Number of protein chains: 2
Amino acid sequence: MSLDQLSYFVAVAEEGNIGRAARRLHISQPPLTRQIRQLESELGVELFLRTPRGVQLLPAGHALLPRVRRVLAEVVAVKESVRDSRACADERGDSELPSPASR
Amino acid sequence: MSLDQLSYFVAVAEEGNIGRAARRLHISQPPLTRQIRQLESELGVELFLRTPRGVQLLPAGHALLPRVRRVLAEVVAVKESVRDSRACADERGDSELPSPASR
DNA sequence: CGGGCTTACGGTGTGCGTAAATATC
DNA sequence: GATATTTACGCACACCGTAAGCCCG
């Protein structure tokens with residue numbers, strides 16, 4: 001289970017359509033389908049009901065959605081926390097990393 | 001940033017020694033060093049102070065540790081939540097996945 | 001010297017993209 | 001027939017392990 005897979009899961013759940021979710025994630029449908037399948041296989045539960053019109057959350061997926069959102073939100077909080085630490089160091093004139101790693 | 005990197009970070013912080021953390025994680029030192037370096041580069045902050053006797057958390061790393069632990073704990077909660085959903089389905093006799101994906 | 005972190009190098013595994021196939025309205 | 005999901009194939013990227021280098025007590 002990776003953070004990407006969790007983001008993919010949320011995107012598919014919100015769009016209700018794998019193709020549209022893929023476009024939103026800037027990837028193509030096949031990898032997204034496989035990642036969702038892999039996540040389901042790893043968890044041992046079917047998360048979505050596939051229909052010819054799109055996908056729909058099954059009970060297990062519905063229960064998971066808020067928890068996954070919480071994980072991703074915590075990750076964002078981690079990054080923001082780091083930004084604060086970096087700003088503090090910058091104010092003191094510390095040069096932590098010669099290579100800013102532009103991202 | 002991956003969940004593995006976050007686990008690695010916690011292990012190194014707890015052991016105060018990359019080599020020992022690597023043995024605990026069942027990997028070797030070089031990959032662990034690289035992953036920590038990559039995490040620092042991606043975040044733009046030095047997390048540890050390298051000394052000849054081991055490593056020590058810098059302020060940024062110290063601030064990050066509890067947040068990272070929270071993320072990992074949420075991930076565990078996600079997995080447990082899934083286990084509950086699966087148990088419920090099993091009681092109803094649902095056969096969700098033909099391939100149990102033995103893990 | 002000895003312990004510990006880091007860089008170099010080779011091999012393996014995983015994930016993405018394009019193309020083709022299947023099923024439903 | 002059109003839309004949506006899935007499988008097949010090929011390629012590139014990333015990670016790990018072993019080996020060698022560097023630094024400090």
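No hydrogens, no waters, no symmetry mates; every other heavy atom, side chains included, goes into these values. This is a predicted model, so every value here is computed, not measured. Every chain is numbered from 1 and lettered A, B, ... according to where its sequence line falls, protein lines coming before strand lines.
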S.K.: Are any non-hydrogen side-chain atoms of B:Tyr8 and B:Leu39 less than 4.5 angstrom apart?
M.R.: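 Heavy-atom side-chain distance check fails, nothing below 4.5 Å.
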
S.K.: Is it the case that over 12 heavy atoms from other parts of the model lie below 6.0 angstrom from the CZ atom of B:Arg23?
M.R.: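 No, because the 6.0 Å sphere around CZ of B:Arg23 holds 12 heavy atoms or fewer from other groups.
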
S.K.: Less than 4.5 Å apart, side chain to side chain, heavy atoms only: is that true for B:Glu40 and B:Phe48?
M.R.: yes

S.K.: Decide yes or no for A:Gln5 and A:Glu42: does some side-chain heavy atom of the first lie under 4.5 Å from some side-chain heavy atom of the second?
M.R.: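 Heavy-atom side-chain distance check passes, below 4.5 Å.
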
S.K.: Rounded to whole Å, please give me the gap between CG in A:Asn17 and C1' in D:dT6.
M.R.: 14 Å

S.K.: Specify the closest pair of heavy atoms between B:Val71 and A:Val78, including all atoms of both residues, with the distance to one decimal.
M.R.: CG2-CG2, 4.0 Å

S.K.: Provide the closest heavy-atom pair for B:Arg50 versus B:Glu46 in the form atom of the first, atom of the second, distance.
M.R.: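 So the minimum-distance heavy-atom pair works out to NH1-OE1, 3.9 Å.
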
S.K.: Rounding to an integer number of Å, can you tell me how far B:Ile27 CD1 sits from D:dG17 C1'?
M.R.: 10 Å

S.K.: Any side-chain N or O of B:Ser28 less than 4.0 Å from the OP1 or OP2 oxygen of D:dG17?
M.R.: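 Yes, B:Ser28 has a side-chain N/O under 4.0 Å of OP1/OP2 on D:dG17.
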
S.K.: How long is the line joining CG of B:Asp4 and P of D:dC16, in whole Å?
M.R.: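 Computing the B:Asp4:CG to D:dC16:P distance gives 7 Å.
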
S.K.: Could you give the CD-to-P distance, from A:Gln56 to D:dT5, as a whole number of Å?
M.R.: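 About 13 Å, once rounded to whole Å.
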
S.K.: What integer distance in Å separates B:Ile36:CD1 from D:dC16:P?
M.R.: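 Rounding to the nearest Å, CD1 of B:Ile36 and P of D:dC16 are 11 Å apart.
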
S.K.: Using the heavy-atom set of chain B and a strict 4.0 Å cut-off, write down the first and last nucleotide of DNA chain C that makes it in, 5' to 3'.
M.R.: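 From 5' to 3', the first and last contacting nucleotides are C:dG4 to C:dC9.
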
S.K.: Between A:Pro30 and A:Pro52, just flag the one whose closest nucleotide in DNA chain C comes earlier from the 5' side.
M.R.: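 Closest to the 5' end, via its nearest nucleotide, is A:Pro30.
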
S.K.: Under 4.0 Å between a side-chain nitrogen and a carboxylate oxygen: does that hold for B:Arg24 and B:Glu15?
M.R.: yes

S.K.: Among B:Leu25, B:Ile36, B:Leu47, find the residue that satisfies the side chain to side chain contact (heavy atoms under 4.5 Å, CB included) test when tested with B:Val12.
M.R.: B:Ile36

S.K.: Check nucleotides 9-15 of chain D against the protein and report each pair of N or O atoms closer than 3.5 Å, with its distance, or say if there are none.
M.R.:
{"unit_1": "D:dC15", "atom_1": "OP2", "unit_2": "B:Gln38", "atom_2": "OE1", "d": "3.4"}

S.K.: Nearest-Å distance, CD (B:Gln29) to C1' (D:dG21)?
M.R.: 15 Å

S.K.: If the threshold is 4.0 Å, N to carboxylate O, is there a salt bridge linking B:Glu14 and B:Arg69?
M.R.: yes

